[in-house]
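Each remark here refers to the structure printed beneath this line.
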Amino acid sequence: MTPSPPTLATNPSQTLPIIRHLDAGWTVAAVEGSGVPAEVRGSIVPATVPGAVHTDLLAAGLIPDPYLDSNERLLAWIGLADWRYTTTFVWQPADATNTELNFAGLDTVADIELNGRPVGHTRNMHRSYRFDVRALLHPGLNELSVTFRSPIRQADAASLELGYRPHVNHHPYNAIRKMACGFGWDWGIDTSSSGIWRPVTLESWSTARLSTVRPIATVDGTDGVITVHVDVARASDAPVTVAASVAGINTEIDLAAGESHAELSLRIADIELWWPRGYGEQPLYDLEVTLVSGHATIDTASRRIGFRTVEFDTTPDAAGTPFTIVINGQPVFVRGANWIPDDAFPHRVDRARYLDRLQQAEFANINLLRIWGGGIFESDDFYELCDERGMLTWQDFLLACAAYSEEQPMWTEMEAEAREAVTRLASHPSLVVLNGNNENIWGYEDWNWKLRLDGKTWGAGYYYELFPAIVAELAPHIGYTPGSPFSPAVDGDVDAHVPNDQAHGTMHIWDIWNQRDYTNYLEYTPRFVAEFGWQGPPTWSTMTESISDAPLTPESPGMVVHQKAALGNAKLTDGLLAHFALPNTIEDWHWAMSLNQANAISTAIDHLRSLQPHCMGSIVWQLNDCWPVTSWAAVDGYGRPKPLLYALRHAYADRLLTLQQRDGAFAAVAVNDSAETWTGTLTVHRLSFAGEVLAEHTQHVTLAPRSTATVPLPASVASATDAAVELLQAELSGVRGHRFFAEPRDTGLAAPELETSLQRVPGGYRLTVTAHGLVRDLALLIDQVDPAGRVSDMLVTLLPGEHVDFDITSESDLTVTDLANPLVLRSANQLVALG
Ligand code: BMA
């Protein structure tokens, strides 16, 4: 089927640029690739723009869903083929003197032709490309084609041209400017896809147009100062005027013939500051920029800006070098999560999906998302939503876990993409950190890269020279750090301490999970942790919707395709055994690994928060997934919350009460990360599993806003008589913290005795669960009975006689029998009673 071409009318009387979306009528066909199967070879397939070849072939019924079973392997031929996208459109010459084709994103190595004549060649997914095509267009029907070269072959060829450099995973993603995780990652499907991943437009204009608009909003006393940097593309020497307005303040600058840059300055008195969520409001100001020729407005642009200051406090102290993000003079403890592309085919992530994911982050009390460097510079939709909601953002430059050539053509590509991204993102008040790379400095120093590089460049010029210079020039109001992790050098001596030094700057903790049990998080006393994580499977419904193995086991064929981490299953098992016995059914395995993931991360976060202000950041790896997979994520690849999301919600709550070892005994640590004072009587009970109070300590405590209090406990409370059947419970104005004296498998947790009652409420149900014995980490795995269902809480510990209400959002008909099913209503007790 060849769709009929759309007719594009032009309007000569219009003086604004005429922007036409070339999103219709596209087809795609394989043009080269010996592995292309017969049913695809020769087929002309309707294509979606923006899109990707995989999703086009899927929509045409020519391939199965790459996310299911072992289909990833079956579809490996796609990345080895060349693909041509073609469309036609009707065009008539208008008064406009200039007509340009604007590609917002091409993935990746592409040749563009218009009416059979070359327009351009592109090699960078992270840039946009604009071509003057006026001379190539003709009245009537025009044909546009974009031919993508196999990204695998292109990356391989480039790796030979540039010279081998170390990288993780199986393809040399560091030789080509394509989203690194698109070639597969330790949580990512290898699609090696191609496509027109962002919109294509045909833009006609005369005289001049706005080419970049970059507002820099700063704070001067109680005033806001905005400097708007505007670049104008010109078709003629006619004088033009650039005008800017915000909050009723206007200014303008005339540009004479030959001038193409304007810098407009506006001062607004008594501005309201933009604050991160949890610290205040997010007032945004509308900035309008217009380009005027004579009396006509010939172009406009708008941005929503906010006023905030950002500093990193890295002043050395007695313990080393902190890394504290300070917003408007207020130090912020970062309760963060790392963010990866939310779909392996990123064009599928629309604004509604970003919003859904951000709401889940907010549910988990997260205040910062770090956009990791193996993915993309996130979209305007993402950043606009973060601005509106006070979600701080940290954007990595797109270099991850690899060494990178600093020679041409790489240097020019890096510079071009960095300049474009920083220019685009500079207006967003949520963006507070720009970061040179993910783990490359660490890798260079500690992963034997120096030997393998044998003197070749590895990226230092980007992290220490190019990127900081670009940030200083284009976005001086955003902080810059050369890497994550990054331990700053003492007095410029780069050898003064090793990278990933917990006493200095940011660190990643990965020996826990890869080699050691999660209780070892407690050995660390870091200043800021930008990555740490623990794996768990996706939710049950996501796992079983995407994998149809029979029998389904952790190592059945589909399951191993959906476990990408090196020795992932062995690490899951090793990491479980200190806490629970390894179950023998897939249902119990799934619950045990999900719970262990949640417990590992709670252990880390409770500890890190109890160390503040020595430690001022915790960015968990990772919030989201890009397809259904066993991974470190809190939200799975189909958008469903894993138990970990609830653990984050508890551990990242404004007010946290936790029991930690201090000087060889348990102490209660209260963390008040709210703007209000927290005061009351702290009660700590040593309890038997039967609920008897064996010892008690009470103390009045007052915590100032953003402060921590440590209350040592007397030995009568802090030490158990029988560790197997006792626990500590701390309580302060309704906030609780629990600590068991022994690992679950070494305790006498009995099979859960639960009583349930169900009530219909608007939008769903309320399930009330009453415990007749101690129940640890009670969880309602709602997705097992309603894959679209959501529940208000999980991982609740109840003493005998206590109850909890689970509020369920669901449109399904559910019964109390469905919900009380022991495969749905889960607890740690079930895993102990097992073995
Ligand atoms: C770090 C991240 C990712 C990776 C994660 C889990 O290295 O930066 O590259 O997915 O660990 O291994």
Side-chain angles (χ1 to χ4, degrees), residues 355-366 538-542 587 590-591 594-595 598-599 602 634-636 638-657 691 729 731 733-738 749-831:
L355 179 60
D356 190 25
R357 214 59 73 241
L358 286 174
Q359 286 172 338
Q360 288 169 319
E362 290 164 10
F363 176 83
N365 292 311
I366 286 166
T539 60
W540 181 263
S541 52
T542 295
E587 290 83 1
H590 176 267
W591 166 234
S594 303
L595 176 60
N599 287 342
S602 300
V635 174
D636 75 25
Y638 288 162
R640 298 184 179 119
K642 293 160 69 167
L644 174 57
L645 194 76
Y646 296 84
L648 293 177
R649 177 175 171 80
H650 298 160
Y652 277 156
D654 285 357
R655 291 174 170 186
L656 174 75
L657 196 52
Q729 177 175 281
E731 190 156 353
S733 42
V735 177
R736 274 187 178 180
H738 292 107
L749 279 180
E753 287 174 65
L754 305 171
E755 193 178 302
T756 46
S757 72
L758 190 65
Q759 205 188 322
R760 255 203 184 272
V761 296
Y765 303 85
R766 168 169 292 182
L767 182 75
T768 302
V769 185
T770 306
H772 291 304
L774 175 78
V775 60
R776 186 172 177 180
D777 293 326
L778 184 67
L780 180 70
L781 303 184
I782 186 68
D783 71 290
Q784 301 224 7
V785 284
D786 176 8
R790 294 287 184 269
V791 63
S792 56
D793 205 359
M794 263 193 209
L795 308 176
V796 179
T797 291
L798 297 175
L799 299 177
E802 291 185 332
H803 73 272
V804 62
D805 291 331
F806 291 124
D807 289 318
I808 299 164
T809 311
S810 172
E811 288 174 8
S812 297
D813 286 326
L814 301 175
T815 66
V816 72
T817 317
D818 296 333
L819 297 168
N821 179 334
L823 295 180
V824 179
L825 188 60
R826 285 293 203 169
S827 61
N829 302 48
Q830 295 172 316
L831 299 170

Checklist line | Heavy-atom closest pair, residues Leu774 and Pro800 | finding: N-CG, 3.7 Å

Note to self: What's the separation between atom CD in Glu362 and atom CZ in Arg357, rounded to the nearest 0.5 Å?
What the structure shows: 12.5 Å

Notebook entry, point to check: Nearest heavy-atom pair of Asp636 and Pro538: which atoms, and what distance?
Noted result: CB-CB, 3.8 Å

Next item on the list: Find the distance between CH2 (Trp591) and CG (Asp777) and round it off to the nearest 0.5 Å.
Entry: 6.5 Å

Checklist line | Considering all heavy atoms, the nearest Leu645-Pro641 contact | finding: CD2-CB, 3.7 Å

Notebook entry, point to check: Are the side chain of Ser812 and the backbone of Leu814 linked by a donor-acceptor contact shorter than 3.5 Å?
Noted result: no

Which pairs of donor and acceptor atoms, one on a side chain in residues 749-761, lie under 3.5 Å apart (sequence neighbours left out)?
from   : atom 1 : to     : atom 2 : distance (Å)
Glu755 : OE1    : His772 : NE2    : 2.8
Arg760 : NH2    : Tyr765 : OH     : 2.8
Arg760 : NH2    : Asp813 : OD1    : 3.2

Next item on the list: Would you give the length of the straight line joining atom CG of Leu778 to atom NE2 of His803, rounded to the nearest 0.5 angstrom?
Entry: 12.5 Å

Next item on the list: Heavy atoms only: give me the nearest Ser594-Pro643 pair and the separation to one decimal.
Entry: CB-CG, 3.9 Å

Next item on the list: Kindly indicate whether the side chain of Val791, heavy atoms from C-beta on, has any atom under 4.5 Å from the side chain of Tyr646.
Entry: yes

Check: Does any pair with a residue in residues 789-801 pass side-chain hydrogen bond (donor to acceptor under 3.5 Å, both in side chains), and if so which ones, sequence neighbours excluded?
Finding: His650-Asp793

Checklist line | Note, Asp818 side chain near Thr815 side chain (heavy atom, < 4.5 Å) | finding: yes

Checklist line | Heavy-atom pair of closest approach, residues Val775 and Ser827 | finding: CG2-CB, 3.5 Å

Margin query: Holding to side chain to side chain donor-acceptor pair (under 3.5 Å), I want the full list of residues that pass it with Arg655, two or more places apart in sequence or in another chain.
Written below: none

Note to self: Is the shortest side-chain heavy-atom distance between Arg826 and His590 below 4.5 Å?
What the structure shows: no

Notebook entry, point to check: Should Val816 and Leu767 be marked as a side chain to side chain contact (heavy atoms under 4.5 Å, CB included) after you check the CA-CA gap, both sets of side-chain angles, and the distance that decides it?
Noted result: CA-CA 8 Å; Val816 72; Leu767 182 75; 4.2 Å; yes

Note to self: If we count only N and O atoms by modelled type, under 3.5 Å, do the side chains of Asn599 and Ser602 hold a donor and an acceptor together?
What the structure shows: no

Check: Can you name the closest pair of heavy atoms from Gly801 and Thr770 and give their distance?
Finding: O-CG2, 4.1 Å

Next item on the list: Would you give the length of the straight line joining atom OG1 of Thr542 to atom OH of Tyr638, rounded to the nearest 0.5 angstrom?
Entry: 7.0 Å

Next item on the list: Measure the CG-CG distance between Leu819 and Leu781 for me, rounded to the nearest 0.5 Å.
Entry: 11.0 Å

Margin query: I need the Lys642 NZ to Leu648 CG distance, nearest 0.5 Å.
Written below: 11.0 Å

Checklist line | Heavy-atom check, side chain of Ile782 versus side chain of Phe806, under 4.5 Å | finding: no

Check: So, Gln360 side chain and Gly639 main chain: donor-acceptor pair closer than 3.5 Å or not?
Finding: yes

